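Here is the structure we will look at.
No hydrogens, no waters, no symmetry mates; every other heavy atom, side chains included, goes into these values. Numbering starts at 1 and runs along the sequence shown. Bear in mind that the values here come from a model prediction, so they are computed numbers and not experimental data.
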Amino acid sequence: MKFSLRWLKQIVDLNGIKFSSLADKLNVSGFEIENVIHDSSANDTVFDLTTTANRQDVLSIVGLAREISCLFNRPLMYKLYTNSINANINGFNLSDKNTSLLDLSLIQIYRLKNNLSPSWLQYYLISHNIKPLNLLIDISEYIYLKWGQSIHIFDKKKIHSLELDYSLFSLQTINSDLLSKQNTELEVLKYGDLILSTIGFDINPRIQCDLLTNSILIFGQVCNKKYIKSMQKLLNVTTNLSKKCLNQGLRSDFVNALYETVQLIRSFGYGTLGKFYGYHKLYYVPKIIILDISKIHNILGFARSNFCGYLTVQEIIHLLESLNCVTIYDELKNILKIQVPINRQGDIRRPIDVIEEIGRIYGFNNFISRLPFIYNNLSHNTLINKIGQIRCLLRHLGLDEVQNYSFCDTLISNSITEIKVFNPLGQDQSFLRSSLIDQLIINRQNNLKQGNKNIEIFEIGKIFKLNKLIKRSNHIADSFEFLRVSGLITNTAFLRKSWSHKPESLSWFHAKGIIEEFLDRLQAVVVWKNINDVNESCLFFNLTKLLKINRTAIIYNMSNQEIGIFGQLRNYYGIPTYIFEFDLINLIASIKSLNHINSIVYPYSYYPSLTRDISLTLGKLHSVDLVKQQISSFNNSLIESVTVFNHYKNKSTNCYNVGLRIIYRAYDRTLSYDDINRIDKEIGCLLSKYRSC
């Protein structure tokens with residue numbers, strides 16, 4: 001649709017707004033501006049604007065002016081005439097069963113004395129590539145451009161030479177041969193036996209106005225777009241009138257467009273106004289949209305450049321009022337009740353649509369694209385989240401969670417640091433557990449009694465120990481609580497070598513692989529070490545006598561601090577059984593998350609990338625990570641990423657062969673030969689320093 005900036009300024013206040021700012025704001029809001037022509041002789045700027053299918057209300061001068069008024073918070077300068085004409089409406093006898101029309105108007109004007117268009121109207125049409133013909137046809141074209149409404153003007157004498165009898169107007173469904181399609185039922189407007197219009201598709205050319213016309217009938221219509229689309233599909237034909245009806249502006253603007261048509265004809269044609277006859281179907285009752293304030297904040301994010309907060313409730317209500325929405329704020333529930341105006345009911349139907357409008361009017365570029373920084377301290381909430389993550393990982397690996405009592409009868413591990421309960425409620429509650437494994441082994445025994453040989457379980461809970469460096473006493477200060485995660489795994493039918501072989505039991509390497517996968521998914525940085533003596537473990541010394549020494553490993557963090565143990569139980573009914581236990585706090589502390597919370601959102605480039613694979617030989621004293629950092633630190637924005645795709649050690653030379661993949665890409669253009677050649681030379685000079693083997 002083509003628009004004139006000169007005519008927009010007559011409807012909305014654009015003082016102080018440059019056209020470049022207007023174009024940028026419209027582009028950010030989802031519209032596209034193209035083919036901009038600056039006419040210095042007329043002090044005007046003409047441009048094409050395209051929009052999405054759900055914003056057809058903008059494809060008129062008034063519709064675009066409304067949109068600009070919302071985006072820039074500028075007042076509209078045109079007057080609404082709705083109340084001036086409704087008082088003289090005469091009911092038009094049409095059945096509500098018709099499917100083609102929503103609104104219809106008929107107004108007669110006679111004794112016209114002029115049929116020449118004013119110069120401003122001719123210029124307006126010429127700027128939109130429309131050839132001026134005469135006053136009546138030019139006004140009809142002007143009204144469609146300004147309001148998006150179909151207002152047609154008929155020569156009254158070509159309909160009937162005498163006074164019109166409005167009772168003879170009727171809307172009928174007949175078999176029409178319109179558009180060379182036989183026996184197609186279409187709705188037509190008739191005066192007696194004369195067809196005036198095939199609704200939404202055609203106007204009878206024999207009743208069009210000419211230079212001799214001095215008595216007219218103004219015919220305005222708002223068609224049902226569903227009817228037009230269905231008939232287009234049935235006829236397999238599209239007419240100019242059907243296109244206009246589908247791109248028609250807001251139904252609420254129909255009366256205003258009709259009134260301006262009458263005013264223009266009376267002002268320049270000097271005619272006498274007759275009675276107004278109209279038909280009107282009731283509007284749909286508007287729906288109320290309930291919107292949670294927190295949802296607005298979660299989707300749009302921070303609206304301040306200094307990260308100080310979100311949009312306030314008052315700002316949100318002000319933005320919605322600029323859309324002519326009726327908004328009520330429920331402070332108790334922290335929600336908004338929004339009634340969408342009739343002109344936006346077609347595209348604002350859900351809460352997410354309202355949020356999109358808030359962001360569009362406020363300006364998506366005014367929201368923060370940087371994610372807020374979160375300090376990685378082990379707060380209470382962080383600990384709960386990490387425990388939940390560990391629980392989910394173990395469940396996804398096939399382990400079932402169990403919960404046992406913190407009291408026990410006898411300790412299988414027979415720890416010297418057990419805590420005895422004074423005056424216990426029962427003999428089976430004489431001790432506080434010093435390990436989770438004891439109860440898991442009892443769970444295993446109970447399952448064996450029930451015939452269940454395959455069990456994979458874990459437990460997260462507290463254990464209680466005395467300080468073994470202090471003589472045992474009755475002082476509470478000598479006892480400690482620890483948070484542990486433990487598990488027991490055994491499976492007699494874990495895998496088959498092939499379909500013909502019998503299932504085999506879970507091996508030590510398979511069980512160790514499960515624990516390694518758990519640690520990898522948790523992103524815990526650990527080191528495995530074998531154990532040669534039962535006294536080597538400080539945290540889990542009470543478990544080492546239960547395990548086979550040659551199939552037991554201690555797990556350390558990068559600070560050489562013991563955090564866990566894994567091993568195979570001694571002969572346990574001939575079924576291999578494996579256990580593990582971790583100090584939960586130390587395990588969580590060993591997690592080095594690779595998620596970069598403090599990130600910047602970069603735009604995606606629309607231009608193609610170029611990949612370079614480079615082979616490099618490094619000595620044992622050189623670091624691959626250092627090479628990557630040096631390449632990435634080049635003062636060159638064309639290097640998008642540097643990754644290692646191959647890395648192996650050459651035993652004969654004791655050097656490392658590395659394959660690097662470098663991706664080049666520009667964000668504003670396609671890469672040229674000179675760009676690539678310059679980067680290749682820079683990287684070649686750097687890598688020549690490392691060719692030492």
Side-chain angles (χ1 to χ4, degrees), residues 92 94 98 100-101 103-117 125 130-144 149-223 227-228 231-232 235 237-245 248 258 261-262 264-265 269 271-272 274-279:
F92 195 69
L94 288 181
N98 81 86
S100 61
L101 282 177
D103 290 288
L104 175 67
S105 67
L106 293 173
I107 305 175
Q108 185 178 354
I109 298 180
Y110 48 95
R111 296 175 186 170
L112 293 173
K113 299 178 181 179
N114 179 41
N115 212 357
L116 296 177
S117 301
L125 297 180
I130 299 175
K131 183 180 179 180
L133 297 176
N134 58 64
L135 177 66
L136 301 176
I137 295 178
D138 293 350
I139 288 177
S140 179
E141 294 287 354
Y142 167 76
I143 291 298
Y144 180 77
Q149 301 295 330
S150 296
I151 307 293
H152 303 280
I153 303 174
F154 301 149
D155 191 326
K156 179 262 175 187
K157 291 184 179 180
K158 293 180 181 180
I159 299 175
H160 200 278
S161 59
L162 301 178
E163 184 177 354
L164 294 178
D165 183 359
Y166 283 87
S167 64
L168 296 179
F169 286 99
S170 62
L171 191 67
Q172 300 179 15
T173 302
I174 64 174
N175 290 331
S176 173
D177 58 354
L178 175 70
L179 306 175
S180 301
K181 186 78 174 181
Q182 298 294 332
N183 298 324
T184 302
E185 289 192 350
L186 295 170
E187 292 190 5
V188 298
L189 178 67
K190 299 178 68 176
Y191 181 79
D193 295 330
L194 177 63
I195 296 179
L196 304 179
S197 171
T198 302
I199 302 300
F201 284 93
D202 187 39
I203 298 294
N204 190 339
R206 292 182 294 175
I207 60 175
Q208 298 285 355
C209 298
D210 53 38
L211 292 175
L212 301 178
T213 300
N214 60 10
S215 181
I216 62 173
L217 182 69
I218 300 175
F219 168 58
Q221 62 177 349
V222 177
C223 297
Y227 168 82
I228 301 296
M231 289 297 104
Q232 277 186 340
L235 295 169
V237 172
T238 300
T239 65
N240 290 332
L241 182 56
S242 66
K243 289 180 181 179
K244 286 186 176 182
C245 291
Q248 198 160 11
L258 184 65
T261 303
V262 174
L264 288 173
I265 294 175
T272 302
K275 291 184 178 181
F276 174 83
Y277 289 85
Y279 164 78

Kindly give the heavy-atom pair with the smallest separation between [X] and [Y], and that separation in Å.
X	Y	value
K190	I195	CG-CG1, 4.1 Å
C223	L101	SG-CD2, 4.3 Å
I228	G200	CD1-CA, 3.5 Å
K156	S161	NZ-O, 3.5 Å
L194	K158	CD2-O, 4.3 Å

Working to the nearest 0.5 angstrom, can you tell me the gap between [X] [atom1] and [Y] [atom2]?
X	Y	atom1	atom2	value
L116	N134	CG	CG	9.0 Å
C245	N240	SG	CG	11.0 Å
S100	L186	OG	CG	9.5 Å
L112	L212	CG	CG	12.5 Å
L133	L125	CG	CG	9.0 Å
I203	Q221	CD1	CD	6.0 Å

For the residue pair [X] and [Y], establish whether any side-chain heavy-atom pair is separated by less than 4.5 Å.
X	Y	answer
I265	I218	yes
Y144	I130	no
L171	L104	no
T261	I107	no
L264	I143	yes
L196	H152	no
V262	F276	no

Under 3.5 Å, is there a donor-acceptor pair between the side chain of [X] and the main chain of [Y]?
X	Y	result
S197	V188	no
Q149	G220	no
T239	F201	yes

### Task
Mark yes when over 12 heavy atoms from residues, nucleotides or ligands other than D165 sit less than 6.0 Å from its CG; otherwise mark no.
yes
### Query
Is atom NZ of K157 surrounded by more than 12 heavy atoms (other residues, nucleotides or ligands) closer than 6.0 Å?
no
#### Entry: Listed partners of T213 passing side chain to side chain contact (heavy atoms under 4.5 Å, CB included), at least two apart
L136, D155, C209, D210, I216
### Query
Do E141 and K244 meet the salt-bridge criterion of a basic N to acidic O distance under 4.0 Å?
yes
### Query
For residues E187 and Q172, is any side-chain donor paired with an opposing acceptor at under 3.5 Å?
no
### Message
Listing request: all side-chain hydrogen bond (donor to acceptor under 3.5 Å, both in side chains) pairs with a residue in residues 106-117, at least two apart in sequence or in separate chains.
### Response
S117-D138
### Query
Only one of Y166, F219, F154, F169 clears ring pair (Phe, Tyr, Trp, His ring centres under 6.0 Å) with Y191; which?
F169
